[in-house]
Amino acid sequence: MPTKLVIAGAQVLDGTGAAATPADVYIAEGTIQEVRPASDNHGAWDVLDASGLTLAPGFIDVHSHADNAPFLPEHDTSKIRQGVTTEVVGNCGFSLAPRAPEQAGLLAAFSQRLFPPVDWPGHTFAEFLHEADRRGYVTNYAPLVGHGTLRIAAMGMEARKPTRAEQEKMGSLLEESLAAGAFGLSSGLIYPPGLFSDTEELIRLAERLPRQRLYTSHIRGEGDHLEESVAEALRIGEEAGCRVQISHHKAAGKSNWGKTKATLRMIAEARARGVEVDQDVYPYTASSTMLTATLPPSFLAGSEEDVLGRLQDPASVIALKRAIAEGVEGWENHVANSGWDGILISTTADHRFEGMTLAEVAQVLHVDPVDGLAHVLLRERLRASMILFIMSEDDLQRVLSDEHTMIGSDGLPPGLGGKPHPRLFGTFPRVLSRYVREIPVLSLAEAVRKMTSLPAEKFRIPARGLVTPGMVADIVAFEADTIRDVGDYRDPVHPPEGIRWVMQAGQVVVESGRFLGRRAGTRLTPHDTIRS
């Protein structure tokens with residue numbers, strides 16, 4: 001690409017929420033220099049004709065699990081082909097660093113319930129990022145550090161409160177990670193070891209965040225315990241004095257549908273009290289996570305061998321059946337929210353059972369569904385994920401339409417194969433097709449704002465999110481009338497349609513849906529001042 005370029009002829013959405021206007025965008029040295037009214041006179045500048053296209057800032061995925069993408073031998077193109085140029089990784093309490101030498105094996109085994117194996121030298125967050133930098137990025141990389149990862153480093157998978165020394169170790173590792181470039185702290189409070197923590201532990205950690213960094217949370221419950229779980233996240237923000245992001249906000253299980261009316265009101269009231277709090281959402285009514293999330297807390301303490309041992313013990317399996325049937329105080333019972341026929345196996349270590357519901361697995365194996373669940377987890381050594389059909393369209397649209405909502409894919413880490421949730425490949429085009437064109441929940445301009453300037457501001461993403469002079473030229477050009485997601489739950493691995501090209505720092509990296517093979521992304525560091 002030339003070093004001086006004008007993109008001409010497009011309808012430009014600048015990312016602020018303003019309507020599209022015909023304009024020419026002048027780029028030099030990877031940066032937007034000027035945005036001028038459309039003209040046929042471009043002087044000596046090279047011209048990229050974008051007639052008939054809509055131009056927007058590169059999309060920002062605020063909820064990604066592609067921490068491992070730099071370490072894959074193949075390029076992860078699942079996001080860049082959606083028009084995503086920046087991903088916030090390390091969500092839900094899962095980050096691949098830091099690790100304590102004495103707990104490295106435990107962290108590796110736990111991480112492999114979600115990630116393919118990742119090999120990197122060293123132990124610190126800085127050392128992990130150094131190796132990721134060396135390997136290169138397809139999309140820009142904005143990392144969070146996970147509370148669960150910090151807890152494993154400090155105290156393994158112990159189901160108890162930390163000692164004072166363990167709390168201090170978590171805090172020190174958090175501060176080291178922030179100094180190395182982490183954008184904030186994430187928690188995943190339905191997963192071990194985060195589910196073993198209490199609110200005070202999280203407040204003590206969040207108090208160590210610099211004022212402009214944020215605490216993101218997969219809250220403790222999104223079903224029966226939704227309102228108290230939102231209240232906990234708000235309390236952490238209020239008492240610690242930190243910014244809060246509520247991840248993939250939803251109401252899970254039919255008996256809880258409609259609760260987003262109350263939770264969005266709670267969030268708005270906290271904002272009025274001075275808590276800086278926002279939320280994100282993905283545009284699907286099915287969720288996805290690791291299959292071990294179907295197990296109650298008592299099953300999840302300790303090592304991988306501890307969990308596998310319980311699944312092999314007949315008495316423990318009887319107790320598991322009772323827990324799933326009757327519930328456990330404070331536990332998010334996914335089976336109760338979805339039913340056995342609402343849990344679809346998406347990815348497993350040996351790819352058996354993929355595309356089958358747990359009800360179908362039980363039928364094929366001629367066993368009780370709980371025995372079928374235990375069979376899958378044992379055979380796959382806990383390395384299995386699921387899709388849960390648990391949400392209502394009304395709640396989704398309500399959260400999506402809130403002015404403080406951003407967009408996140410929450411897709412599985414790349415490299416697992418199988419049949420991952422289609423959100424991994426289609427989240428951003430789906431918003432622009434289904435919820436702009438087909439069901440007009442959002443205007444096109446407002447949808448783009450939620451994908452660009454809003455996350456750039458809230459996550460302190462530097463020099464991105466707007467088509468305006470001074471910004472890095474991360475830009476997506478798409479066909480507003482045809483853009484759409486393609487994959488479905490049983491056949492998800494399809495790129496979207498309607499993305500004409502994607503540019504990073506002034507260089508085209510996707511053209512006509514095809515990735516051109518260059519890792520042009522960069523690791524970002526937080527911009528700790530708020531743009532006016």
Side-chain angles (χ1 to χ4, degrees), residues 64-69 71-74 76 78 89 91-96 99 103-120 146 148-149 152 156-157 188 190-195 218 287-297 299-313 316-317 320 334-335 343-358 360-362 364-365 369-388 410-421 424 489 492-493:
S64 169
H65 290 287
D67 305 60
N68 66 316
F71 298 86
L72 296 172
E74 68 277 6
D76 171 28
S78 60
V89 302
N91 282 285
C92 293
F94 303 124
S95 60
L96 294 172
R99 60 189 179 193
Q103 302 289 5
L106 182 61
L107 177 63
F110 176 69
S111 296
Q112 286 176 38
R113 298 183 198 177
L114 186 67
F115 292 94
V118 177
D119 183 34
W120 56 279
T149 305
I152 290 172
M157 281 288 195
I190 72 162
Y191 306 110
L195 64 84
H218 181 145
S287 67
S288 180
T289 190
M290 60 181 70
L291 189 60
T292 52
T294 56
L295 303 177
F299 257 74
L300 295 170
S303 69
E304 179 181 274
E305 295 304 322
D306 292 331
V307 179
L308 292 170
R310 294 178 191 116
L311 290 168
Q312 291 174 301
D313 175 45
S316 293
V317 174
L320 174 61
H334 287 296
V335 176
I343 300 177
L344 183 74
I345 305 298
S346 58
T347 300
T348 61
D350 70 358
H351 304 299
R352 192 181 178 201
F353 307 113
E354 290 173 351
M356 298 173 66
T357 67
L358 281 176
E360 291 168 340
V361 170
V364 167
L365 297 176
V370 177
D371 293 314
L373 168 64
H375 177 90
V376 174
L377 289 172
L378 283 167
R379 182 183 178 94
E380 307 300 330
R381 293 191 62 83
L382 311 181
R383 291 159 175 78
S385 61
M386 61 182 173
I387 293 171
L388 299 149
D410 195 19
L412 288 175
L416 291 167
K419 299 179 184 292
H421 195 300
L424 181 62
Y489 294 107
V493 186

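Throughout, numbering of the chain's residues begins at 1 and tracks the sequence. Everything numeric here is computed off the predicted structure, so don't read it as measured data.
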Exercise. E354 and T347: side chain to side chain contact (heavy atoms under 4.5 Å, CB included), yes or no, with the steps?
Worked result: CA-CA 6 Å; E354 290 173 351; T347 300; 4.0 Å; yes
For this session: Go through L291 and L373 one step at a time and tell me if the side chain to side chain contact (heavy atoms under 4.5 Å, CB included) criterion holds.
Result: CA-CA 9 Å; L291 189 60; L373 168 64; 3.8 Å; yes
Problem set entry | Derivation and outcome, side chain to side chain contact (heavy atoms under 4.5 Å, CB included), residues V307 and R113 | CA-CA 12 Å; V307 179; R113 298 183 198 177; 4.0 Å; yes
Exercise. Can you check side chain to side chain contact (heavy atoms under 4.5 Å, CB included) on I190 and H334, steps first, answer last?
Worked result: CA-CA 10 Å; I190 72 162; H334 287 296; 3.7 Å; yes
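A heavy-atom distance below 4.5 Å is not found between the side chains of T149 and R99. Using a 4.5 Å heavy-atom threshold, the side chains of S111 and L96 count as touching.
In this structure, E74 has no salt bridge (charged side-chain N to carboxylate O under 4.0 Å, His left out) partners at least two apart in sequence or on a different chain. Partners of L308 according to the side chain to side chain contact (heavy atoms under 4.5 Å, CB included) rule, which considers only residues two or more places apart in sequence or in another chain, are E304, E305, L378, R381, L382. With sequence neighbours left out, the side chain to side chain contact (heavy atoms under 4.5 Å, CB included) criterion links P296 to S298, F299, L320, A323, V328, W331. Y191 pairs by the ring pair (Phe, Tyr, Trp, His ring centres under 6.0 Å) definition with F94, H218, not counting sequence neighbours. Listed by chain and number, the residues in a side chain to side chain contact (heavy atoms under 4.5 Å, CB included) with V364 are M356 (sequence neighbours excluded).
To the nearest 0.5 angstrom, R383 atom CZ is 11.0 Å from T292 atom OG1. How far OG of S287 is from CD1 of I387: 9.0 Å, rounded to the nearest 0.5 Å. In this structure, the separation between CG on L114 and CE on M290 is 4.5 Å, given to the nearest 0.5 Å.
Although no hydrogens or angles enter the test, the distance criterion places a donor-acceptor pair under 3.5 Å between the side chain of D306 and the main chain of S303. Between the side chain of S385 and the backbone N or O of T289 there is no donor-acceptor pair closer than 3.5 Å.
Counted by atom type alone, H65 and N91 present zero donor-acceptor pairs between their side chains at under 3.5 Å.
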Do any side-chain atoms of residues 411-419 form donor-acceptor pairs under 3.5 angstrom with protein atoms, and if so which ones, sequence neighbours left out?
| from | atom 1 | to | atom 2 | distance (Å) |
| --- | --- | --- | --- | --- |
| K419 | NZ | R490 | O | 3.3 |

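Shortest non-hydrogen contact noted between V376 and A384 is CG1-CB, 4.5 Å.
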